[in-house]
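What follows is a set of notes on a single structure, which appears directly below.
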Amino acid sequence: MPSSRHALPRFSLNWAIAALLMVLYGPLLLHWVDGWLNKSISIQHEYFSHGLIGLPFAAYIAWTKRQTWQQLPNQCHPLGIGLVVVASLMYLTRLTDWMNLSLPIMLAGLCLCLKSTAGLRLQAISLILVALATPTQLPYLIEPYILPLQRFIAAVAGFLLTQVGVNVTVEQIYLYVNDQTVEVAPHCAGLKMLFTSLYVAIMLAYWTGIYTSRLRMGLFFGGTVLISVVGNIIRNALLSYFHGMGHTGAFVWLHESWGGDLYSALMLLSLIVLLRLIRQWIPETLSLTMQTPSSV
Amino acid sequence: MTPTPHPSSPKPPVLALSDRWVKRGILLVLATLAVLAIAPAYWTGQWPWVTSPQVEHIDRLQPLREAGLEIPGWSLEGHQVITINKQEWGLNEYTALDPAAPVQQIALLLHPQPWHSNQPQVEWVDLIGAQNWQIDSRQRLTLNDGTNGARVKANFFRGQSDRQAFAVLQWYTWPSGGHPSPGRWFWVNQRSQLATHTLTPWVAVTLLLPIPPLEDITTYQPLTTNLGALIHQQVVDVMTPKS
């Protein structure tokens, strides 16, 4: 007579774990999405709004790898248990920042518990995408250190405006046009757009497979940072111009309304263009292959 | 002779547990977690991120901006509320009661956090921008607050504008200490959230000593250190309720 233990099909354990994860993190994820869509939580939360496309993308990638995942041997790495325990403790604090951070740690711990390091390596890109989309207070901690970037952007934007013939003075991070002041604040310094651009760059690099070539990756990410900074300089120059010349409507359009969204979309489109150029013109590696006489 | 095989990459440590037991263990941990942490929220509808920690006694912070602050050994000459970069600061002006003091008049700017969710951010940049100062001679001073047993760090520098020069002392004050960088407050705040589920209140303090232009500020260091400790003491007294 078969014992009831063997009658329990193995896949129901997996589904039970998945269901519990939904119970634990479902409302939290809905809270994140609500905050991103309605901008209702905080500015720090907004920094991670790329999660709206990043999290489904990560889930999709993990789903496409499920055959390979099932073929991996079932091994438990002890670190996985440690990570699951740490994530549970963080979740128990019931403080939002710690609960948020417990999600990537829990997922990484589960990968290690079920399939050991091979499983972790298989799901690495999904875990990275989830971890980088998890709202934390990291932008707040970074803010004091980006003062040099703000000053640089203010200086170059001021320089551009003087080239166009506008009377502008630059003090530290303030642009004075016609006695109107525009402050290059940390968010206006494009820190959020820089994070989003780098995140989208990671998604694009994985999707097109250029992550195998270090040369292409380096150029792509360097180019992303450059595009983000240049785009932000232009945006701040335009904002100072609109504010100084009294075009309040145009200023509000670019600063708060759909003008800002258009600017972000253009910047992300230019990333795609950059990627196409790199794939077309940049070789995978710079190493030369020697042609020995016998191989002619 | 068999060639020695290349050493392969070290195999990861493996626990000799069957897959089913691992999954049952995970199930147990997650189920316990769900029951302890989130099941009450499903029942009552009060999610943990809605009932987030608050600052206790936040109403005690408002008088620091709205009313003048008394400092022993100095007479409060005037108080007003000024706006710097859309934030409100309390400006207090004092005259020394001791005629032998190196500086006879000082000014104190106080900015308590407006609401629970505000974190210290750009207060120092706001001040420098509003006053259009040139900054030099930066130092980090330690103020010893004997009564509260707190060691407070503060930024000390000279700010010069076209019209005036000041020796400036700046830091963020909280009940158990002080530091000029918001990062330090952040970690103290994390600790208070984990321990007592409350936020750590903070007040941005700036002490201004008018000095002759281009004067070396190290001569004012002892006075500033004492004054800073006194001010910290007074502010913390206002922030915390007496038992």
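Because the structure is a prediction, the values reported are computed rather than measured. Convention: sequence-line order gives letters A, B, ...; per-chain numbering from 1.
For B:R184, the CZ atom sits in a loose shell: 12 or fewer heavy atoms of surrounding residues, nucleotides or ligands are nearer than 6.0 Å. Annotation for A:N167: atom CG does not count as buried by contact number, only 12 or fewer foreign heavy atoms lying within 6.0 Å. Within 6.0 Å of the CD atom in B:E215, the count of heavy atoms belonging to other residues, nucleotides or ligands exceeds 12.
Only the side chain of A:S116 comes within less than 4.5 Å of a heavy atom of chain B; its backbone N, CA, C and O stay farther away. Only the side chain of B:W47 comes within less than 4.5 Å of a heavy atom in chain A; its backbone stays farther off. Heavy-atom distances place both the backbone and the side chain of B:V125 under 4.5 Å from chain A. With a 4.5 Å cut-off on non-hydrogen atoms, A:D97 touches chain B through its side chain but not through its backbone. Proximity to chain A is absent for every atom of B:W133, based on heavy atoms less than 4.5 angstrom apart. Using a 4.5 Å cut-off between heavy atoms, A:Y176 touches chain B through its side chain atoms alone. For a residue to count as touching a neighbouring chain, one of its non-hydrogen atoms must lie under 4.5 Å from one of that chain's; by this rule B:L30 touches chain A with backbone and side chain alike. Using a 4.5 Å cut-off between heavy atoms, A:I41 makes no contact with chain B at all. Proximity to chain B is limited to the side chain of A:I81, based on heavy atoms less than 4.5 angstrom apart. For B:P182, the parts sitting under 4.5 Å from any heavy atom of chain A are the backbone and the side chain alike. Residue A:I17 touches chain B through both its backbone and its side chain, counting heavy-atom pairs closer than 4.5 Å.
Residues B:H197 and B:S192 have side chains not in contact (no heavy-atom distance under 4.5 Å, counting atoms from C-beta outward). Taking the side chain as every heavy atom from C-beta outward, B:V152 and B:L141 never approach each other to under 4.5 Å. Two residues are said to be in side-chain contact when any heavy atoms from C-beta on lie closer than 4.5 Å; B:R140 and B:K153 meet this criterion.
Most heavy-atom pairs under 4.5 Å with chain A: of the set B:V29, B:L194, B:V50, B:L36, this distinction falls to B:L194. Heavy-atom pairs under 4.5 Å with chain B were tallied for A:H77, A:Q75, A:M106; the largest tally goes to A:H77.
Chain A is approached within less than 4.5 Å, heavy atom to heavy atom, by no residue from residues 155-173 of chain B.
Legend: ring-ring contact (aromatic ring centres under 6.0 Å, His included) pairs involving residues 97-127 of chain A, not counting sequence neighbours: none detected.
With sequence neighbours excluded, the residues that form a ring-ring contact (aromatic ring centres under 6.0 Å, His included) with A:F251 are A:H243, A:H255. Residues meeting the salt bridge (charged side-chain N to carboxylate O under 4.0 Å, His left out) test with B:E88, sequence neighbours left out: B:R65.
Looking at A:H45, its side chain does come within 3.5 Å of a backbone N or O of A:W32 through a donor-acceptor pair. Put simply, the side chain of A:Y91 never gets that close to the backbone of B:A34: no donor and acceptor are under 3.5 Å apart. Side chain of A:D34 to backbone of A:L30: no donor-acceptor contact under 3.5 angstrom is found.
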